[in-house]
Number of protein chains: 2
Amino acid sequence: MKRRVPRMNDQESQAWLGLTAMFSLLPSALDRQLQRDSGLTHFEFVVLSTLQLSPEPTLRMTAIAQATDATLPRLSHVCGRLEKRGLVVRSPCAEDRRATNVGLTSDGRRELIRAVPGHIATARRLVIDALTPDQLDALTEITGAIIARLADEPGNPPQAYRAEGSLTQP
Amino acid sequence: MKRRVPRMNDQESQAWLGLTAMFSLLPSALDRQLQRDSGLTHFEFVVLSTLQLSPEPTLRMTAIAQATDATLPRLSHVCGRLEKRGLVVRSPCAEDRRATNVGLTSDGRRELIRAVPGHIATARRLVIDALTPDQLDALTEITGAIIARLADEPGNPPQAYRAEGSLTQP
DNA sequence: ACCGATTACTTGTCGCGTCAACCAACGCGT
DNA sequence: ACGCGTTGGTTGACGCGACAAGTAATCGGT
């Protein structure tokens, strides 16, 4: 049953090496900047962005969870904290009384808008501006290919709505 | 003092979107596989690999921390657990009695060797085999460029020894 | 030789995420 | 209309990592 897996060659292990190195550094760098300048976790930022970019004024927990690749408990905890901080409101849904609708408060919108420029600047500084246009295209294709593989994995929701991409200053 | 940061265009935000999506999925996928098949965290795996690949039979905490981009407290905790599980030994260093040397036990080496094939297989399945040779090269360059930016950041150690790259089945 | 500063690590506390258990509401079949 | 499986969400306990503080040894100057 156990298939033999070929060792990696130089080309492969270099790419893998780079990927893992980036993994161990970039997320914490992004988190640090947001935390320092805006008191937000990257994930909190993503949740607020998702709400802000949604056409509807309010979203269901499940919808946010799908859009952000988060588990429901995680989202629930985070929304609890955000609500305590007054950035978000939860209200029971009228049509389906199991569901809860989450919406941005004006404070939440304000905080988000305050946080966006710094976050974009960091994204530029660490990633976008480090790459040539060709590399940007290549990166899009590469991540697309990898995400496609991940979608077939057990344990992951296949398709996500994906908000943060259109990072705009509203 | 506050500089205006241009919004992202389509090309840029697509790349950024892909990157963040990958970030939210790939690490957990890798962790899950290792945890399920070998009872190891990805980071524990990296620590064991670092020890295994080192020319010396033993490494100082600081050296491992640098090689793995980990903080010293984190590494200390992890080594504590690994030691309790018998995969690693800590012994005070003779020349510098502040330092502690960490070494693989034979159990640790055995567990690591058992874990490697599955990990490589997953790396192949989710990343390497999803990409063309050209994309592999592109990925190496891209991660290199980003890591270079990260090296200039405050809070990160610039250069790391980087073990996992040469994933081999010893 | 001794005192302050630095290095090398450890320990404790706290926050976040996961997992498991739980509860409430919906909805379908009979 | 009743029961049972499913869906939507919350809660609690545990594990891991970050941060801060503490300890112990070494170095460097005088």
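The sequence lines fix the lettering, A, B, ..., with proteins before strands; numbering per chain opens at 1. Remember, predicted model here, so these are calculated numbers, not experimental data.
With sequence neighbours left out, A:Asn9 forms a side chain to side chain donor-acceptor pair (under 3.5 Å) with no residue at all. Applying the salt bridge (charged side-chain N to carboxylate O under 4.0 Å, His left out) test to B:Arg81 and every residue at least two apart in sequence or in another chain returns nothing. Every residue two or more places apart in sequence or in another chain that forms a side chain to side chain donor-acceptor pair (under 3.5 Å) with A:Glu111 is listed here: A:Arg114. In this structure A:Thr122 satisfies the side chain to side chain donor-acceptor pair (under 3.5 Å) test together with A:Gln33, sequence neighbours excluded.
When rounded to the nearest whole Å, the span between CZ of A:Arg90 and P of D:dG8 equals 17 Å. Rounded to whole Å, atom C1' of D:dG17 lies 13 Å from atom CD of B:Glu44. Rounded to whole angstrom, the span from the NE2 atom of A:His42 across to the C1' atom of C:dC16 amounts to 15 Å. Protein atom CG of B:Leu75 is 14 Å distant from nucleotide atom C1' of D:dA18, rounded to whole Å. One can place CG of A:Leu72 at 13 Å from C1' of C:dG17, the figure rounded to the nearest angstrom. Atom P of nucleotide C:dA8 and atom CD1 of B:Ile64 are separated by 14 Å, given to the nearest angstrom. For the pair A:Gln66 CD and D:dT7 P, the interatomic distance rounds to 13 Å; values are reported in whole Å. Here D:dG15 presents its C1' atom at 12 Å from CG of B:Asp31, a figure rounded to the nearest Å.
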I'd like a list of close polar pairs between nucleotides 19-26 of chain D and the protein, N/O only, cut-off under 3.5 Å.
residue	atom	partner	partner atom	Å
D:dT26	OP1	B:Arg97	N	3.1

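Distance from the side chain of A:Phe43 is smallest to C:dG17 among D:dT10, C:dG17, C:dT10.
Sorted by first then second residue, the ring-ring contact (aromatic ring centres under 6.0 Å, His included) pairs that include residues 19-41 of chain A, not counting sequence neighbours, are A:Phe23-B:Phe23.
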Item to check | Residues A:Asn101, A:Thr58; criterion side-chain hydrogen bond (donor to acceptor under 3.5 Å, both in side chains); working and verdict | outcome: CA-CA 6 Å; A:Asn101 287 325; A:Thr58 207; 4.8 Å; no

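In terms of phosphate contacts, B:Arg81 brings a side-chain nitrogen or oxygen within less than 4.0 Å of OP1 or OP2 of D:dC16.
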